[in-house]
Each structure stands twice: as C-alpha cells, then as structure tokens.
Colleague: 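The structure is given below, and queries will be raised subsequently.
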2 protein chains.
Amino acid sequence: MTPVRVSVLEERQNADDNSSTMKDGRRSDIREAGLTLFAERGYHATSMGDIGRAIGVKGPSLYNHLKSKQEILIDIMVTTMQDLLAGFDNADSNGEPAERLREVMAEHVRYHALHPRDVRIGNREIPSLEEPARELVLNLRNEYEGKWRELIQDGLDSGDFSIPSVRVAVYAILEMGIGVAQWYRPDGSLSLDQIAALYADMAARLLSAKVTVADSTIEN
Amino acid sequence: MTPVRVSVLEERQNADDNSSTMKDGRRSDIREAGLTLFAERGYHATSMGDIGRAIGVKGPSLYNHLKSKQEILIDIMVTTMQDLLAGFDNADSNGEPAERLREVMAEHVRYHALHPRDVRIGNREIPSLEEPARELVLNLRNEYEGKWRELIQDGLDSGDFSIPSVRVAVYAILEMGIGVAQWYRPDGSLSLDQIAALYADMAARLLSAKVTVADSTIEN
DNA sequence: CCTACCGATCGGTAGG
DNA sequence: CCTACCGATCGGTAGG
C-alpha cells in the first residue's frame, strides 16, 4: 500500500553517474538526517554542520553529495507529495464512492502515521522553499486536493454523500488525517489498522450531513 | 465571543511603567509586525531588521521596547493559547453535551478563522521557543485539550456521544478546526457564521459513531 | 531613535 | 573526506 518512490536526490545521482548499481549510501544518510533535524528544529534552525554531525562528517563534506542545503528540503517535500498522490491512486478503486472514500482515507492516515517527519516538514516548511520548487510543491498539493474533490463530488452526484460544501469537506477531512502524524506512536494502544479504520469511519460520517445551514448547497 | 486578552508584552510594560495610561504604541506595532512576518516566513527566517523595517525603524531601536526577539514569539504563543482557553470557557454552557459541543466548536473555528497568523505561529514555531516558555505553552495546550476531553467524556457518559476513543475524537475535531486558519478568507462565499455552523455540524456527526472497529471502547 | 560595532554563526568554496 | 577560509548576516550592545 505504501507507494514505491525514488528520492529526487537518488534520481539526480543516477542521472549523473553511469553506474546506477553503485548507490551512494551517504546521499540517503544525508536525506535521513535532514528529515529528522528539519522535522525537530525546522529548516532554518538546522545547519549543514548539524546534518554532517548526525552522519559523522563535517559540514563541508556534504557538498560532495549535493549542491545546497535547499536541495535536501526540495527532495523531502517533492517526494512526500509524490508519495501522497501515488498513495491515493493506489488506494482508489472503482467501487462505490463511500467505499472509495474509506480506502483513500485509510491510506492518507497510514501515510501520515508512518511518515510523521516528512509530512511535518511538508506542512511547515513551504515558506522555506525557494522558487521554482515552492510553486511545484503547491501545484502537487493542489493536485492532491483535486483528487479528493473529484471523489467527494462523485459521491455528492450519486447521492451517497450529502454536504453543503465539497471544498470545506475536503479541507476538514484532509486536515483531520494530517493530525495523526502528531500523535501516532507505533507502540500505542491502537493499532495502525484500527486508527485508519477509525478515521475512515469519521470521514464517512462527515459526508452524510443533515444540513443545518440556510441553503443546502452553498458553493464548491 | 472573542475573549478579552492582555498581551504579555503589554503586561510587562504595565509592570515596568507607572503610567498604565500611556500605552507605548510601538510595542503593539512590533507585536503586529512579528505576527505577520513570523507567520509568513517563520521565526528564524525573520530578522530584527525585518521587523524594524515593517514599522519604520532600524533593528537596534526595537531593543528600547523589548529585551529579545524571543520575547515577541513568547508573547504571541502564550496569549494565543490563553485566548483559546478563555474562548472555550466563554463559549461553554451548562446545557446538553451536544449543544455545548456545538458552541465550543463554533468558537474554536471562529478564533482560528479570525487569527490565522497567531495560530499558524502557534502550531509551527513550538521548536523555536526556548525553555521555560516552551514547557508553558505545551502545558497550556494540554490544558486546552483536557477541556475538550472532559466535554466529550461527559457526552459519552450521558450516552449523547458514541465513539471508540475520546482521545482520537478530540484530536480529529481540534485538527479539523485548526485547518480553517489556512483557507478562510473574509470575502469568501461562506460567512464566518456559516462556516462555524458547518464545523459544529461536522464535529457533532463525528461523535455519533456506529462503531466498526473490533471493540466498542478501545481506550482513552 | 540612530550609527557603529561586537562576537558568533551561517552556507558554501578552495585546494588538497 | 578534511582544514582553512570567504563574505554575509545575525541578535544584541554601547554610547550618544
């Protein structure tokens, strides 16, 4: 269920090298250290020296494997959005809207539970991205939201869902799932499958509204 | 409904000065500039020179009004949590759990819609806080969550609510409302009252679960 | 409220 | 992969 992805950094390396078999382990070590440190302290509060120290080298040595600190951030944020997009497509089926909703929500929640550092950076460090990467990430995010809007619109059209605003419903559901990254612990009393099912339930309930606002469909 | 609050910075000023009538306008100007810049770029990406420029003075001049950059952040984050706590108590009634839930959720949403910069900083810059302010803010946050847990537990005990996990329900509902700060626009097609009512509806629906997970009450 | 300035730290480069 | 070093920028202070 977890989508297969190739890190942007890894891709760059493969493009530069002829031997795609020789995988520069340092590169993924750096990514991993950046993931932890950016998530804990934030991008601007993390120095290249910090990242170097985390993998046992000095700061300047990192430049043998990348061109800038920014490159690490871009790699993390782009691959995270690509993962979420691929995860949606993987989980989506051609069944009933209600069932499709449960499946993509479960995947959304699983991804956020299993990749808390990635999504935390993804949600906090957008201002730290330089153009054009920032635009790219925002576009990927819009693409992700668009998939959700389509699914929920489908259910609205078929009569399976009943809500006054597709847009608000999408925001509410996505945000709800994002929160899992902040509290999920693998050794908690709820299993990941239980949590995913719980959130799938909650999302499903959200979409069967008894409208109390003035007009039944306000806008999109 | 919006709780009255006194900025920590203002309090400090009043404590230092004898003339509490002479309110140093610069102080709140600085707070306002920090609010905008920290929210847009992040704390570490904002310099004292940036804040000074926003109010028409040089960076060093700011130190006539405060002792450190950190002080601005602390003020913003502490008063934000105090506002949320006071907002909860103000909105809470002694009626039925379902009605109390609707009222505090509407207030939660209104606050996030009307103070997007404050809550954005509040949710992103916790790692930028130095001790002991960090502990203090986390305690206030726990206090806020605790109020929600109590309310939802009340509704569970009285049979008004039906959910497998109070804790998960609180996380889901709070996070849902926090998201409003990221998309609400005063000139949007939905009025703030409509939005608040929508989220109150969604929260109410979340709490009337038909349990699909194995055990009906998993934990707290 | 300003200019001048401090020590520290940053991202990144040179050169080996 | 390292040391040495670069120019830039930072938060904050001195002194007026």
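The figures that follow rest on heavy atoms only: side chains count, while hydrogens, waters and symmetry mates do not. Convention: sequence-line order gives letters A, B, ...; per-chain numbering from 1. Everything quoted here is computed from the prediction, not taken from an experiment.
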Colleague: Between the side chain of A:Arg205 and the main-chain N/O of B:Leu206, is any donor-acceptor distance below 3.5 Å?
Modeller: yes
Colleague: Can you list every pair that meets ring-ring contact (aromatic ring centres under 6.0 Å, His included) and has a residue in residues 175-200 of chain A, with sequence neighbours left out?
Modeller: A:Trp183-B:Tyr171
Colleague: How long is the line joining CG of A:Asn64 and P of D:dC2, in whole Å?
Modeller: 9 Å
Colleague: Once you round it to whole Å, what is the distance between P of C:dT3 and NZ of B:Lys58?
Modeller: 6 Å
Colleague: With sequence neighbours excluded, tell me which residues meet side chain to side chain contact (heavy atoms under 4.5 Å, CB included) with A:Pro97.
Modeller: A:Ser158, A:Asp160, A:Phe161
Colleague: List for me each residue that meets salt bridge (charged side-chain N to carboxylate O under 4.0 Å, His left out) alongside A:Glu143, sequence neighbours excluded, and say none if there are none.
Modeller: none
Colleague: With sequence neighbours left out, which residue pairs that include part of residues 31-50 of chain B fulfil the ring-ring contact (aromatic ring centres under 6.0 Å, His included) condition?
Modeller: B:Phe38-B:Tyr43
Colleague: As a check on the pairing definition, encode DNA chain C in dot-bracket form, counting Watson-Crick and G-U wobble pairs whose two distances are under 3.5 Å, and using | for partners outside this strand.
Modeller: ||||||||||||||||
Colleague: In this structure, how many angstroms lie between the C1' atom of D:dT13 and the CG atom of B:Leu66, rounded?
Modeller: 14 Å
Colleague: Holding to salt bridge (charged side-chain N to carboxylate O under 4.0 Å, His left out), I want the full list of residues that pass it with A:Lys147, two or more places apart in sequence or in another chain.
Modeller: A:Asp89
Colleague: Tell me, please, which residues at least two apart from A:Arg120 pass side chain to side chain contact (heavy atoms under 4.5 Å, CB included).
Modeller: A:Ala39, A:Arg124, B:Pro127
Colleague: Who pairs with B:Asp50 by side-chain hydrogen bond (donor to acceptor under 3.5 Å, both in side chains), at least two apart in sequence or on another chain?
Modeller: B:Arg41, B:Ser47, B:Arg53
Colleague: Tell me, please, which residues at least two apart from B:Glu131 pass salt bridge (charged side-chain N to carboxylate O under 4.0 Å, His left out).
Modeller: B:Arg134
Colleague: According to salt bridge (charged side-chain N to carboxylate O under 4.0 Å, His left out), who are the partners of B:Glu150, at least two apart in sequence or on a separate chain?
Modeller: none
Colleague: Is there a residue in residues 128-136 of chain B whose heavy atoms reach under 4.0 Å of DNA chain C, and which residues are they?
Modeller: none
Colleague: Pull out every protein N or O sitting under 3.5 Å from an N or O of nucleotides 10-12 of chain C, one pair per line with the distance.
Modeller:
unit_1	atom_1	unit_2	atom_2	d
C:dG11	OP1	A:Thr46	O	3.3
C:dG11	OP1	A:Lys69	NZ	2.8
C:dG11	OP2	A:Met48	N	2.9
C:dG12	OP2	A:Tyr63	OH	2.7
C:dG12	OP2	A:Lys69	N	2.8
C:dG12	O5'	A:Tyr63	OH	3.4

